[in-house]
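Everything below concerns the one structure shown next.
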Protein chains: 2
Amino acid sequence: MTTNTRRLDASGRTRSPSMADVAHHAGVSAQTVSRVLSDHPNVQSATRERVLRSVDQLGYRMNSAARALSSGRTRTIGVVVLPTADYSGSAVTHGVESAARRAGYAVNISTASSLDPAAIAAAMTRLDEQSVEGIVLVVPVPTGTDAVETIARRIPTVTIDGSRTVSSEVVAIDQFEVGRLATEHLLELGHPTVWHLAGPDEWLDSTGRAAGWRAALAEAGREIPPLLHGDWSPESGYQAGLLLGRIPEASAVFVASDEMAFGAIRALHELGRRVPDDVSVVGVDDIALAAYCSPALTTVAQPFGEIAALAVEHLLRRIDDPSSPPTSTDVEASLVIRASTAPFAG
Amino acid sequence: MTTNTRRLDASGRTRSPSMADVAHHAGVSAQTVSRVLSDHPNVQSATRERVLRSVDQLGYRMNSAARALSSGRTRTIGVVVLPTADYSGSAVTHGVESAARRAGYAVNISTASSLDPAAIAAAMTRLDEQSVEGIVLVVPVPTGTDAVETIARRIPTVTIDGSRTVSSEVVAIDQFEVGRLATEHLLELGHPTVWHLAGPDEWLDSTGRAAGWRAALAEAGREIPPLLHGDWSPESGYQAGLLLGRIPEASAVFVASDEMAFGAIRALHELGRRVPDDVSVVGVDDIALAAYCSPALTTVAQPFGEIAALAVEHLLRRIDDPSSPPTSTDVEASLVIRASTAPFAG
DNA sequence: CCACATGTTGTTATCGATAACAAGCCTGAT
DNA sequence: ATCAGGCTTGTTATCGATAACAACATGTGG
C-alpha cells in the first residue's frame, strides 16, 4: 500500500516523508514513531499498529544519515579488498555481506590499490570517513604498520588472512595445516619428496602454507627442495611449471593456489610431462573450475563462507563490547582428492 | 603530524574533534573550515593554510553522517550483485568501486539472494535506506518489475547486462555481437554449423548471445541446431557436454561462458572427443584461467573495467542532472583466438 | 488509601555539517 | 570621491533522528 506520499519543502522540491510526518499522520510524537521502528518493548500494540499503518501509507523510509548522526551508530561495516577478481576475495566479500545483512548492518567496500601499507591505510581511511563501525581486512597486513594500527586501535578490525596486528581480531584458516595436509597426501602416495610453489611472501597465507609443507617434509625425514615463488596468477604458475618440468626428479608439487596450479599443469603438459602420471599436483582454494579442468584438481578447500561469518560475528562482538580483548580463531580446511594426484610411479 | 586529539563529551567518553573544534583551534568560523574542506574557491590562501594545519594537528576527519544530513548528499552509490564468486560480477564490482572512488564516491554493496524480482527489489531497498545517490545493477532485471521500477524512478539506476527498464540507464556489452563474433569465427573455420550452449533465459546476456548466434547461422544459410541451456556453472557445462559429445555431427560449440566451456570440454574429453581436433569450443568472458587450462580457450573477451567505468560515469551524470534522459550505450567485445578452435576436419 | 514501581507517551536538547543570508573590505570605473 | 560589485568571512537556521528527561496513567503491596 506504499503510496509514497511526498511533501513540498520550502524551495518547492519534493521531499521524502520524515518521522515527524509519520508522527503527525498517526497522531503521536516523533519519539513514539522512533520507538516503534526500533522495536522498543514499551509501546502499546494499538499505537504500534497505528504507527506502522501510517509508515506504510506514507511510504516512509528512515533517513540513515540522521539516525547515524543522532545515535552515533552507522550500522555499517567496511571491507578492504584487493582489486583482483580472484575467487577467495570475492567469496569472502559475499560472505561478509551476507552475515552483516543478517545482523542488520550495511557493507561498504573499499579496494586497496596495492599491498603497500600506505595504500591499505588509505583504503581504511576512506572507510573511517564513512564512519564504519568495524572493518574486515581481506588483505595481508605487515605487522607494525603504524598507519594501519592507528585506525585498528580506534575501529574494531578483523583480519582474515592470519595477519596479526596488535589491535585486530584474527579469524583465519590454519594455513600451516593446509600445507601439511597437501604435503602429507603427496607423501602418502609414495613420492620421495614434495616441491612447493608458494605465493608472495607478503601473504601469511603463503608463508603459513610453506611452513606446513616444510614441517611435513621434516617430520617425514625427507629432503626439502628449493622453494619456488609465484604471485597467485596463472601466468606465474605457468612460469614455475616451465622450471619444474625440466627437473626429472620433481614428481610431486604442492602449489599454493588453484589458479597457479592450472598454470603449472599447463606448462608441464607443454614440456611433455603428464599429470598425474609423471607429476602429481595439489592446489589450494577449491575454485569452481577445480573439478572441471583437466585433470580435475586435487586441492585443499577453504571454508570462505564460514570464515566470513566468523569474522563478522567477532566484529559485532567487539562493536557491542569494545572492552572485550582481540581474539584469534582458526578454522579447518579440508583436502579434496581428485585426479591430479597419483601414486609415485618413479 | 596527526596527533588525534580527542575531547571529552558530556558523558565523559572520548569524541573525535568536530568542525567547530577545528574552527576554534584555527581562530575562524566553522563555515570557513567547511569551505576549505570542500575546496571552495573564495578562501584566502593564508586562512586555508591555517585551517589545514589545524585539521592536521587535531587529526580531524569529517563526519559523513552530518554532511549527508545537512547537504542531502551522501556521496555514496550502491551495487547490487549476486552472491556468486564469479569472475564478471567481481570484475565489475571492482571497476565500479575504482571509478566511484576517483569521483569521490563511496560504494555500498548489496547482494540479491536470487534473481527473483522481489529479492532484487529488496537489495535495492537496502541501498535506498542507506540513501545511496545511484545504483548499479549487476543482475538481470525482468522488464516491468514494478518494485524495481519504483526505486529506479527515484534513484538513478544503471543496468550493465542490457536489461532495459523504463527508468534506468543501460551500459552494456553488445551481446548480439558477442554471439555473432564467436559463431562467425567457427563458421570461418569451415564447420558446417555451430551448436550453442546458452545461459539462463533470465539473463539478457544469455538471450543476446543466442540471438547473435542464430543470426550468424541464418545469414550463412546454415542449419540451426537445437539450443542447449546451462546455468553458468561448470557443472551445467559438463552436463551439456555429455550430451553434445554423443552427437557425432556436433563439431563446433559456442558456449555462453568460459566456466561452462571448461565443464563441457571436460565432458567431451571423458567421452573420447578431443578438443579442438574433434570439437571446437568457444567461450565468453576471458577469465584468468582461459589461457591456462588445456586446451587454452578461444573466447570472447568482455571489457568489464570499461563497462564499470562507463556505468559510473552515466550514473554521476544523472545524479548531477536528474532531468537528463536515460541513455543506452554499447561497448565492443573482442574475440581472443587460442587453442580450443581448429579448422573443420570432416 | 497511600507510597512507589512500572508502563506508556511526550518534550527538549543535541549530534556535526551546510545553505542561505549578511556584513565588512577592497577594487576599479565613473 | 563615490558607488557597484566581487571577494572573504561570519551568523543563523536547518537537516531528521535519538537520548535524556519529564509527565502522566496504571497497578500493587502494605
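Here is how names work: the chains are called A, B, and so on, in the same order as the sequence lines, proteins then strands, and each is numbered from 1.
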Check: B/R61/A/S131 side-chain N/O donor and acceptor closer than 3.5 Å: no

Phosphate OP1/OP2 of D/dA19: any A/S71 side-chain N/O under 4.0 Å: no

For atom CZ of B/R48 and atom P of D/dC7, their distance in whole Å: 14 Å

Partner residues of B/A65 under the side chain to side chain contact (heavy atoms under 4.5 Å, CB included) criterion, sequence neighbours left out: A/A68, A/L69, B/N63

Heavy-atom donor-acceptor pair, B/S64 side chain to A/E129 backbone, under 3.5 Å: yes

Rounded distance in Å - CD (B/Q31) to C1' (D/dT12): 11 Å

Name the pairs: protein N/O against N/O of nucleotides 22-28 of chain D, kept only if under 3.5 Å.
none

Protein-nucleotide distance (B/L69, atom CG; D/dC15, atom C1'), rounded to Å: 4 Å

Results of side chain to side chain contact (heavy atoms under 4.5 Å, CB included) for B/P140 - residues two or more places apart only: B/L115, B/D161, B/S163, B/W203

Side-chain donor-acceptor pairs of residues 316-326 of chain B under 3.5 Å, sequence neighbours excluded:
from   : atom 1 : to     : atom 2 : distance (Å)
B/R317 : NH1    : B/S324 : OG     : 2.7
B/R317 : NH2    : B/E169 : OE1    : 3.3
B/R317 : NH2    : B/E169 : OE2    : 3.3
B/R317 : NH2    : B/T327 : OG1    : 3.4
B/R318 : NE     : B/S324 : O      : 3.4
B/R318 : NH1    : B/E169 : OE2    : 3.3
B/D321 : OD1    : B/S323 : N      : 3.2
B/D321 : OD1    : B/S323 : OG     : 2.6
B/S324 : OG     : B/D321 : O      : 3.1

Length of the CD-P vector between A/E49 and C/dT9, whole Å: 13 Å

d(CE, A/M19; P, C/dT11) in whole Å: 16 Å

Touch class at under 4.0 angstrom, heavy-atom based, for B/V28 against every strand present: sugar-phosphate

B/S70 vs D/dT14: side-chain N/O to OP1/OP2 distance below 4.0 Å: no

Nucleotide C/dG16, atom P - distance to CG of B/N63 in whole Å: 7 Å

Side chain to side chain contact (heavy atoms under 4.5 Å, CB included) involving B/A122 - partner list, sequence neighbours excluded: B/R126

Helix axis bend for the helix from C/dC1-D/dG30 to C/dT30-D/dA1 - C1'-based end axes, five pairs, 10° rounding: 40°

Flag side-chain contact, heavy atom, 4.5 Å: A/V80 against A/I135: yes

Rounded distance (Å) that lies between atom C1' of C/dC15 and atom CZ of A/R73: 15 Å

A/D86: partners by salt bridge (Lys or Arg N to Asp or Glu O under 4.0 Å), with sequence neighbours left out: none

Between D/dC15 (P) and A/M62 (CE): distance, integer Å: 18 Å

Proximity to DNA chain C (any heavy atom under 4.0 Å), residues of residues 37-47 of chain A only: A/N42, A/V43, A/Q44, A/T47

A/S29 side chain near C/dG10 phosphate (N/O to OP1/OP2, under 4.0 Å): yes

Which donor-acceptor pairs under 3.5 Å do the side chains of residues 32-42 of chain A make with protein atoms, sequence neighbours left out?
from  : atom 1 : to    : atom 2 : distance (Å)
A/T32 : OG1    : A/S29 : OG     : 3.3
A/S38 : OG     : A/S34 : O      : 2.8

Partners meeting side-chain hydrogen bond (donor to acceptor under 3.5 Å, both in side chains) with A/R75 (sequence neighbours left out): none

By side chain to side chain contact (heavy atoms under 4.5 Å, CB included) - contacts of A/A308 (at least two apart): A/V92, A/V96

Set of side-chain hydrogen bond (donor to acceptor under 3.5 Å, both in side chains) partners for A/S45, sequence neighbours left out: none

